[in-house]
Amino acid sequence: MLHGKKIALGVTGSIAAYKAVEIVRRLKELGASVRVVMTNHATRFVSPLTFAVLSEQPVLTDEFQDGSQETIGHIAITDSLDLALVAPATANLIGKVAAGIADDALTSTLMALDCPLVMAPAMNDRMYRNPALQSNISLLKERGVRFIEPEPGPLACGVSGHGRLADTKSIIQRVVSVFGNQVLTGKTVLVTAGPTREPVDAVRFISNPSTGKMGYAVAAAARDRGAQVVLVSGPTQLEPPAAVECVHVGTAAEMRKAVRDHVKEAHAVIMTAAVSDFRPVAASNRKVKKEAVPDTLALERTEDILREAGSIPGSRVLVGFAAETDSIVQNATDKLQKKNLDMIVANDLLQKGAGFASDTNSVTIIDRSGVVTELPVLPKAEIASHILDNIVELMVKRGILP
Ligand code: CTP
């Protein structure tokens, strides 16, 4: 994913510096070449040797270190660099970069940058809330620096608060997303995912085996193209993708409300959710004793959220999913027409390596003009990427994208 990319990793003097060791490993695993630049304080927390061994490159700690050679260390590092990441970034480092100070190897390197800069702050929660720091962050954001928000949780100083370095996975995803095609920057994409649960009583419900994997992959693919993503998710075991707004829902009615709340701002709506088609007419909010459960359960249809979205005015691309076992293209095309969609993605549930809970899928993409694209069995992330590419094409045709 990061093959051929040259990344400089700045490490500053925070207790979270040890987490940068794992970041180097992950970046290397993804194929990046990594040069680590440390502040003096950072070397008090982790030895430069650790980073040198893992990155397989010398670590720059002193701006005059390479001075005896032909090149100047901090300038040489920034030559043909693809990205600089500072993780963890202390309040001090952020303040210096905002003020244009270059008094050590790391700040001098950052001063000479000609590539995107990503910073992942880590500090005590009161320090993080400090107005001087917040205004430095705002200023740097205006200059194009991308920030990975710290997370809430226990801090090294013994309290709990908002200041922990974001987890390694989120940091890596953000780095990867910088290299993605940012064609959807400024656009909002609404995605539904997972199953819904329709309660019978306090402990029983009607649902289906959807795990949400396909929808979460679609949300991540939209985010990687620069979109603002709202993911409306039924109950799943999955961690929402980083930098995606996730709205958790339970029932079809709740999913419908969340979709209605966000659909008007969306330029593309992708409904991967396996919405329950039926719900019990009368659900008890207590646990009903089995002897008291009637022999038949009266059901009613849930609202068709996708169909309803198709009737809401506005210029957006609307994409549905169809889980089929028979006459796949015909059935999916019928759904596309009935629900007034721009595109439908049909799963062949009987194909090996496709459908619910699998890490792979095999789909047929059908658009409104009748173009049918069959994809082989692929990881869901790759299927998601194909789907997004098709959506971008449709958005261009519809004039939603230039
Ligand atoms: N969908 C929805 N609201 C519902 C039901 C489905 O938004 N109440 C959406 C799904 O997210 C998916 C598509 O509609 O994008 C699936 O269409 P649907 O006709 O519901 O498929 P099935 O339920 O599989 O229909 P059938 O059982 O008739 O094949």
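Basis for what follows: all heavy atoms, side chains included, without hydrogens, waters or symmetry-related copies. Sequence positions, counted from 1, serve as the residue numbers for this chain. Just so you know, ligand 1 is whichever comes first in the structure, and atom 1 is the first atom listed for that ligand.
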Original post:
Do you know which of V118, L113, L27 makes side-chain contact (heavy atoms from CB on, under 4.5 Å) with L83?
Top reply: V118
Original post:
Does a side-chain N-to-carboxylate-O contact under 4.0 Å join R35 and E56?
Top reply: no
**OP:** Answer yes or no: is there an ion pair linking R279 with E303, defined by an N-O contact shorter than 4.0 Å?
**Re:** yes
Original post:
When you look for protein heavy atoms under 4.0 Å from ligand 1, which residues do they belong to?
Top reply: M271, A273, V275, D277, T302, E303, D304, I305, L306, G320, F321, K335, K339
Subject >> By salt bridge (charged side-chain N to carboxylate O under 4.0 Å, His left out) - contacts of R307 (at least two apart) >> reply: none
**OP:** Check whether the side chains of S80 and K6 place a donor and an acceptor atom closer than 3.5 Å, and report yes or no.
**Re:** yes
**OP:** Starting at CD1 of I387, measure out to NZ of K380 and round the result to the nearest 0.5 Å.
**Re:** 10.5 Å
